[in-house]
Every structure is written in structure tokens, then in C-alpha cells.
Amino acid sequence: MITIKSEREIDLMRESGALVAMVLDMLQLEIKPGMTTKQLDSMAEEFIRDHHSVPSFLNYVPKSDPGVTPYPATLCVSINEEVVHGVPSAKRIVNEGDIVSIDCGVYKGGYHGDAARTFVLGVIDEKVQKLVDATEESLARGIAMAVVGNRLHDISSAIEDYARSFGFSVIENMVGHGIGSELHEDPAVPNYGRKNTGVRLREGMTLAIEPMIALGKSRKAVSRRGGWVAVTEDGKPAAHFEHTIVVRSGKAEILTGTFLGIKHI
Ligand code: MF3
Ligand code: CO
């Protein structure tokens, strides 16, 4: 069931969303080659708790897979061929030339916010830079479709068409989602699909839109040995951007937008 949020609920989601944005802004300013992914995670957790809030991902168990080990961290930090759900570790160092996707969720006042950005460390391959830029722009194009009167897959097809226009591949087995008092609510928001299909978008629907786009041919992110991290099948890099948004008429409202003023989303 897709829930429509009241303006009072959206006010609360604006606060969780702002905290997510602040965490990602802080990490964007702090991340340096040589840091461990655990250091990034500790900074994020401390910031969230200092603001009387709770990391959404910590101890998360998917409803669809109740047997899985609860997610053990505040952030997902996924490097290069890791698409999503990289578990922070004191043994994992981020290096010059890496692309590092950081995903963060905050629970505050009964509501979640969820967002991700891919950071580039130092000088990287031109093709990989193009992948990161195109993934970010695909999110912007998806968000532009999240308006009253459109259908759900108008978001999906805008993302897919843009990513494929560069020959990049869309990860199909991981999707965006509704969000609110639960981290994952209906509907699933795929990053591929046919225009003019799917449910009609209504004012007050809150969605986490999150394209995961890969450089190679992989259309799936796969986990190995029962671990959380999901990687591309061919080992090629993938990028990931995510925002929590509210469907509005005319223009979607982004709840997890940066405060740095140096990015358009
Ligand atoms: N943004 C991701 C998602 O919505 C992060 C989830 S991490 C998890 O699936 F630990 F909560 F699964
Ligand atoms: Co999400």
C-alpha cells in the first residue's frame, strides 16, 4: 500500500532528510585517501546520535529475508565494483583513484530519510568520471519526472534512457522505494521501465529514488558468500546516487539536498 503523507509528516521527514544531507556533506568534506571506511562510519554515527537521532540501517533486517544477519553499520560504503551495501571495516582503506558510494539513512521523529552520493578520490579514469556524472544526472532526470499526473515508470524510464544513452548498464535487481515511517515502503521504484506505465503519482507520495549504474554489461549486483556487499558481475565499477523526495505538482521537493551549494542536486 502506498501511503500519502500529510504536510505535518513531510515536515518531520524534512528534518530526517536534512540530517542525512548534513552527514553526506560532512563526509564529502572529510573523505581523504588513506581513511578507513570504519572511520567514515564512526563520524556519521556520532553526528547522527549527537542530533538525537538513530541510524536507519544499523541492525536493519529486510522483511523479505528475515534470516539475514542484521546490517551492522550506520553507512553503506561501496567502493568501485561494489554497487551497494558495502559494510564499513577498520581494514578497508579508501585510495586515490577510487570511486566511493556512501549511502546513509537517518530515523528521527518517527520518519526516515535516505540518500547516497558517489565521491571521486583524486584523479580517475575519464570513463569512470563520466559514469559518476551520468548517474548523478540520471537521478536528476528521474526526480524531474516525480510530479503529480505522471506515472511511476516515467521516473524509471527517464533514468534508464539517460544511462543507456552512454552505453552504461542499469542494475536491475536493486531498486528505489517508498519511504516514511518505514525505511522501505511501497512502491518499488525500478531504474528501468516503460514510460506511461505504473501507478499514477500523487501529491504527498514520498520516494527514495536511487539509480545504480555500471560501466560494464552487468545488469545485476550479486552478493558472495552470504555477505551484504553486492558487486557487479564483471567487476566493472558502478555508481549510486539517491535522494528522498516528495511528489508535488509541477516540481518534486527534494528532502535530502546538499547544503554545500556546489551541486545541482
Ligand atoms: N539505500 C539503501 C536501500 O534503500 C540502503 C539500505 S542499507 C540496509 O536499500 F542496511 F538498510 F539494508
Ligand atoms: Co534507499
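Each ligand, and each atom within it, is numbered from 1 in the order the structure gives.
Between the side chains of T256 and H243, at least one donor-acceptor pair of N or O atoms lies under 3.5 Å. Judged by distance alone, the side chains of D234 and S218 never bring a donor and an acceptor atom under 3.5 Å apart.
The hydrophobic cluster containing F119 also contains M26, counting ILVMFWY residues as joined when their side-chain heavy atoms lie under 4.5 angstrom apart, directly or transitively.
Ranked by closest heavy atom to atom 9 (O) of ligand 1, the top entry among H112, H177, H184, M212 is H184. Of all the listed residues (D103, T244, V68), D103 holds the heavy atom that lies closest to atom 5 (C) of ligand 1.
At the shortest separation from atom 10 (F) of ligand 1 among protein heavy atoms lies Y71 CG, 3.1 Å. At the shortest separation from atom 6 (C) of ligand 1 among protein heavy atoms lies H85 NE2, 3.7 Å.
By the criterion of a separation under 2.8 Å, the protein N/O/S atoms near the Co ion (ligand 2) amount to D114 OD2, H177 NE2, E210 OE2, E242 OE2.
Below 4.0 Å from some heavy atom of C76 lie the following atoms of ligand 1, by number and element: 7 (S). Taking a cut-off of under 4.0 Å to the non-hydrogen atoms of E242, the atoms of ligand 1 that pass are 1 (N). Atom numbering of ligand 1 starts at 1 in the shown order; those under 4.0 Å from a heavy atom of E210 are 1 (N), 2 (C), 3 (C), 4 (O). Ligand-side atoms of ligand 1 in range of D114: 1 (N), 4 (O), range being under 4.0 angstrom from any heavy atom.
The distance criterion of under 3.5 Å between nitrogen or oxygen atoms is not met by Y60 with respect to ligand 1. Residue contacts with ligand 1: W228 is placed with no nitrogen or oxygen under 3.5 Å of a nitrogen or oxygen of the ligand (distance criterion only). Considering backbone and side-chain N/O atoms, H240 never comes within less than 3.5 Å of an N/O atom of ligand 1.
Contacts with ligand 1 closer than 4.0 Å are made by no heavy atom of A116, backbone or side chain. Residue-level proximity to ligand 1 for L183 is carried by the side chain, the only part with a heavy atom below 4.0 angstrom.
Under the 4.0 Å criterion applied to side-chain N and carboxylate O atoms, D11 and R14 are assigned as salt-bridge partners. Using a 4.0 Å cut-off between a side-chain N of Lys or Arg and a carboxylate O of Asp or Glu, K130 and E126 do not qualify as a salt bridge. Using a cutoff of 4.0 Å between basic side-chain nitrogens and carboxylate oxygens, E7 and R248 are scored as salt-bridged. Look at D25 and R117 and you find a salt bridge, because one of the NZ, NE, NH1 or NH2 atoms lies within 4.0 Å of a carboxylate O, short of that distance.
Using cut-offs of 30° and 60° for the angle between ring planes, the Y60 and W228 rings count as tilted. Under the 30°/60° scheme for interplanar angles, the aromatic rings of F166 and F168 are found to lie parallel.
The shortest separation from a heavy atom of A208 to ligand 1 is not under 4.0 Å, leaving the residue out of contact. Residue contacts with ligand 1: M174 is excluded, as none of its non-hydrogen atoms falls under 4.0 Å.
The only member of I245, T3, I4 that meets side chain to side chain contact (heavy atoms under 4.5 Å, CB included) when paired with M205 is I4. Between L152 and the choices V247, V189, I2, the side chain to side chain contact (heavy atoms under 4.5 Å, CB included) rule is met once, by V189.
Listed for the S223 side chain is no donor-acceptor partner under 3.5 Å among the backbone atoms of G226. Put simply, the side chain of N173 never gets that close to the backbone of K220: no donor and acceptor are under 3.5 Å apart.
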